[in-house]
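Read the numbers this way: they start at 1 and go in the same order the structure lists the ligands and their atoms.
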Amino acid sequence: MKILVVGTGAREHAICNAVKDAELYSIMSNKNPGISRISKFQISSEKDLKGVKKFALDNKIDIAIIGPEAPLEMGIVDELQKAGIGCVGPTKAAARIETDKAFMRDLFENHNIDGSIVYKVFDNIKDTADFIDEFGQDLVVKPVGLTGGKGVKIVGEHLEDGEAAKKYAKDIIENKISGYGQVVIEEKLIGEEFTVQAFVDGDKIVPMPAAQDHPHAYEGDQGPITGGMGSYSDKDGLLPFLDKKSYNQSVKIMQDTIKAVKNEVEPYKGILYGQFMLCKEGPKLVEYNARFGDPEAMNVLPLLETDFVDLCQGIVDGNLKRANFESKATVCKYIVPKGYPESGQAGQILDVNESKINEESGLVYYAAVNQKDNRIYTSSSRALGLVGIGDSIADAEEICENVTKYVKGEVYHRRDVGTADLIQKRIKHMETIRN
Ligand code: GLY
């Protein structure tokens, strides 16, 4: 069996590590030290669809696993499938669940899927402004397409008031931010965010343990929004503020979504990432991603007991069975260059003592770094994820935090991810919302 992983980051490093008993190939845009030592690789753009297809055909790849969303939006799966290659990732049409937020919200509305929220889609500046004036409560302004996590702005957080919301909405429409001349205005959800990822074979979904990411750059949930500074999961697959009933409701929302995508477009095959807000009334959908989460892939994949390649084959063949995960808690902390996310210092030498990290039970997943002449250099983005696994979140956090000392360079990380204080804050927040 020959497996190709497309993508360069820590999420893809975690995917590659999960591939056992298969010949592993990869396409990455720069030399990831973790992926390059376990795969036959080509350094080229993952968005060069013709190049990816040629590499896959030349190497007689059986299954391609697509890490990031950009090639999915461009139709990489359609290209590879036409060439007879099985794919873990949705087609361009099915990936609209992530790449077109208007499509996603309309799907919920048209198919009466639970977890829907108040929203409207506009392509006209005056109508948008009138709606914002009439709405009368805090709202969220979103470009319709992909923005690399930087497009969503919330009144009261990134936007001062309704006037700022109108200005941003006008900018989105006039300048076609994210490629569409459309904007989505949504109600602001109050609660705690969490992630559920699932394997999907077109009909059936097989869910993974829940996780919680930390998008803010600085401790105490302060500072600018990033791609995610770290995440944790618990040994029962739930989270300290997330009960079984709410988790099951989220999974049901994802299952209903997959049914709706099949009815409206075509079967969805691949990984589905549901980002939910646990609100007073239960979970509501914030957004979907058509891929593994980053960092959340690093929480779930190291715990997978079922053979990952068998699961990928089940996705391709449409006959997924269940997936078992080890009953352990995990904490992942991202090490990022100083100045990240606005002006991360690129080209700095990063010294990673992997043997000490592994000796002290930590795992390393390389992200946006580049290996040249046996040295590792930062880029302006996240550098590497460290993971601790334990019998409790506290144990996993201790392992993870301890091994951060073996990464040296012009970098920082959030020490509070997975700590008891932060988790207590989440539990208290949820109690306040529910009572
Ligand atoms: N954790 C955020 C993402 O994967 O997009």
N/O of Asp213 under 3.5 Å from N/O of ligand 1, yes or no?
yes
ask   = Got a sec: does the NZ of Lys47 have more than 12 other heavy atoms crowding it under 6.0 Å?
value = no
- Does the distance from a Lys or Arg side-chain N to an Asp or Glu carboxylate O, for Asp256 and Lys252, drop under 4.0 Å?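 Yes, this pair counts.
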Q) Using 4.0 Å as the upper bound for N to carboxylate O, is an ion pair formed by Glu79 and Lys50? A) no
Worksheet item: Taking heavy atoms and a distance under 4.0 Å, where does Arg291 meet ligand 1: side chain, backbone, both or neither?
Response: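 Answer for Arg291: side chain.
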Checking heavy atoms under 4.0 Å, the part of Glu296 that sits near ligand 1 is side chain
Which atoms of ligand 1 are found less than 4.0 Å from any heavy atom of [X]?
| X | answer |
| --- | --- |
| Tyr273 | 1 (N), 2 (C), 3 (C), 4 (O) |
| Asn289 | 3 (C), 5 (O) |
| Gly293 | 4 (O) |

*Can Glu354 and Tyr366 be counted as having a side-chain donor-acceptor contact under 3.5 angstrom?*
yes
Exercise for the section: Fit a plane to each ring of Tyr218 and Tyr412, take the angle between them on a 0 to 90° scale, and name the class: parallel (under 30°), tilted (30 to 60°) or perpendicular (over 60°). Expected result: tilted
